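All values reported here derive from a predicted model rather than from experimental measurement.
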Amino acid sequence: MTAHPEELLSIGVFAARARLSPKALRLYDRLGLLAPAHVDEASGYRYYRAAQIEQARTVALLRRLDMPLAGIAEMAGLDGERAARTLDAYWAGVEERFAEQRTLARYLRGRLSGRNTELYATFEVKTVDVPQTYVLSETRHVSAGELPAWIPASAERLERAAKEECGGIAAPHFVVYHADVTEESDGPAESCVPVVDAEAARAWAAAQGRKGDFKVRTEPAHRLAYTRITKAQVAYPQIIAAFDAVEAWAAEQGLTVTGPCREVYFTDWDGCGPEDEVCDVAFPVSEA
C-alpha cells in the first residue's frame with residue numbers, strides 16, 4: 001500500500017534535514033541513488049521517509065570523496081559489508097593515482113626549473129652482470145595507455161607456458177622497448193620470460209602458429225645499469241625520469257649504452273602498494 005503523503009516529508013523539509021539541495025535529490029532520484037518513498041501522481045511532488053536521511057547523507061559524503069555517481073549507484077544495491085569493501089577498493093585506487101601524480105609533479109618541477117641533475121640524484125643507479133639466457137617472448141605494437149593491460153597479460157601467458165611447457169622460469173619477467181612507447185608512438189615492445197628448456201620453448205612457440213607473435217631467442221650475457229623504482233613510479237610518464245637518470249649516470253661513468261631500455265619486474269605486482277619497489281628500469285651498457 002502506498003503511504004499517504006502526510007506521513008512523509010516534503011522534498012524541501014527532507015532536503016533541509018539531509019543537508020542536501022532539492023536539485024541534488026532530484027538528480028539522485030534520476031540516477032537511482034535515492035528514490036522518493038512516494039510521488040504524488042497529480043502534482044509530481046516527491047516525498048521521503050525520515051529513515052532515508054541516513055542514506056541521503058551517505059550519498060553526499062561519498063560525493064565528497066569524488067566517487068562517480070555510477071559507483072555510488074552500484075554501492076546502493078549492496079549490503080553494508082560489501083559496500084564497505086567496494087569503498088575500500090575505490091579509495092585504494094584514489095591513493096594509487098595520488099601517488100602517481102605526486103611523483104609526476106616532482107619530476108615536472110625538476111624539468112621546469114632546470115634542476116634535472118638534482119632530480120636524477122634521487123635515483124640510486126647500480127650495475128649488474130646478467131648471464132646468457134634463453135627467453136620466450138611476445139612482441140606487440142602498443143601505446144602507453146595500453147601497456148598497463150598488455151604487460152601483465154603477456155607475462156601471465158608467457159609464465160604459464162614457461163612453467164607448463166618449457167621446463168620452468170629461469171629469471172624474472174622483463175619488457176624491452178625497441179622504440180619509444182608513448183600516446184603517439186607504439187614501439188614495438190617485447191615481453192620476455194627467461195626459460196629453462198629452449199628447445200621445448202621453440203616447440204611450444206611453433207605450435208601456437210598465428211595465435212600470438214611468440215618467439216624464442218638467445219639473450220646474450222650483458223651488464224645492466226639500472227635503478228629500482230616503486231609501483232607508483234612505474235606509471236607513464238613518471239617512469240621516464242628513472243630512464244633519464246640511468247642514461248645520465250651511464251654517460252657520467254663513461255659507459256656506452258649498447259641496447260634498448262627495459263623494465264625488469266621482480267616481485268608480485270598485485271600484492272604491492274604504491275610505495276613498494278617492484279621494478280628495475282635499465283639499459284645494457286659496456287665500457288666505452
Side-chain angles (χ1 to χ4, degrees), residues 60-72 74-75 84-126 142-155 172-177 180-187 189 191 224-252 261-283:
L61 290 171
L62 290 170
R63 289 297 294 147
R64 293 191 67 178
L65 291 179
D66 290 328
M67 178 175 277
L69 291 173
I72 299 175
E74 180 183 350
M75 287 182 61
R85 289 197 298 269
T86 300
L87 176 59
D88 286 343
Y90 166 74
W91 191 247
V94 171
E95 290 187 324
E96 186 167 338
R97 288 193 297 275
F98 282 166
E100 292 172 356
Q101 290 171 336
R102 184 168 54 248
T103 303
L104 175 58
R106 187 159 53 243
Y107 172 62
L108 288 173
R109 190 180 301 114
R111 291 192 63 166
L112 292 171
S113 64
R115 296 197 302 269
N116 288 25
T117 302
E118 295 177 23
L119 174 66
Y120 297 160
T122 63
F123 295 96
E124 182 182 9
V125 183
K126 301 178 180 180
V142 288
S143 67
E146 295 170 321
L147 284 176
W150 177 71
I151 289 177
S154 65
H173 166 250
F174 62 95
V175 178
V176 179
Y177 295 97
D180 282 350
V181 174
T182 65
E183 293 305 333
E184 293 78 32
S185 178
D186 62 356
S191 182
L224 284 180
Y226 72 95
T227 188
R228 188 151 289 184
I229 62 174
T230 66
K231 190 173 184 178
Q233 291 172 312
V234 169
Y236 178 85
Q238 294 93 308
I239 197 171
I240 62 176
F243 281 117
D244 288 349
V246 175
E247 258 192 317
W249 180 89
E252 290 173 0
C261 59
R262 59 197 61 202
E263 300 162 6
V264 183
Y265 293 91
F266 54 79
T267 190
D268 174 27
W269 176 273
D270 292 332
C272 292
E275 301 304 324
D276 292 328
E277 293 179 332
V278 297
C279 172
D280 292 335
V281 298
F283 286 89

- Message: I'd like to know whether Glu96 forms a side-chain contact (heavy atoms from CB on, under 4.5 Å) with Lys231, so could you lay out the CA-CA distance, the side-chain angles of the two residues, the decisive distance to 0.1 Å, and finally the verdict.
- Response: CA-CA 9 Å; Glu96 186 167 338; Lys231 190 173 184 178; 4.1 Å; yes
- Could you go through the side-chain contact (heavy atoms from CB on, under 4.5 Å) check for Phe174 and Leu224 one step at a time? CA-CA 13 Å; Phe174 62 95; Leu224 284 180; over 6 Å; no
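In this structure, NZ on Lys126 lies 9.0 Å from OG1 on Thr227, to the nearest 0.5 angstrom. With rounding to the nearest 0.5 angstrom, the CD1 atom of Ile72 is 10.0 Å from the CG atom of Leu61. Here the OG1-CG distance, from Thr267 to Asp276, works out to 8.0 Å after rounding to the nearest 0.5 Å. The distance from the OH atom of Tyr177 to the CZ atom of Phe283 is 11.5 Å, given to the nearest 0.5 Å. The distance from atom CH2 of Trp91 to atom CZ of Phe98, rounded to the nearest 0.5 Å, is 5.5 Å.
Between Phe123 and Gln233, the closest side-chain pair of non-hydrogen atoms falls below 4.5 Å. Within the 4.5 Å cutoff, side-chain heavy atoms of Arg228 are placed close to those of Phe266. Looking at Leu87 and Met67, their side chains come closer than 4.5 Å, going by heavy atoms from C-beta outward.
The shortest heavy-atom contact between Glu275 and Ala99 is OE2-CB, 3.8 Å. Residues Ser154 and His173 come closest through the heavy atom pair OG-NE2, 4.4 Å. Of all heavy-atom pairs between Arg262 and Phe243, the closest is O-CE2, 3.5 Å. Among all heavy-atom pairs drawn from Val181 and Gly187, the shortest one is CG2-CA, 3.7 Å. Scanning both residues, Val246 and Val281, for their nearest heavy atoms gives CG2-O, 3.8 Å. The shortest non-hydrogen separation linking Cys279 to Val234 is CB-CG2, 4.0 Å.
A donor-acceptor pair under 3.5 Å links the side-chain atoms of Ser185 to the main chain of Asp180, judged by distance alone. Using modelled atom types, no side-chain atom of Thr230 and backbone atom of Glu277 make a donor-acceptor pair closer than 3.5 Å. Side-chain atoms of Tyr265 never come within 3.5 Å of backbone atoms of Ile151 as a donor-acceptor pair (strictly under, hydrogens ignored).
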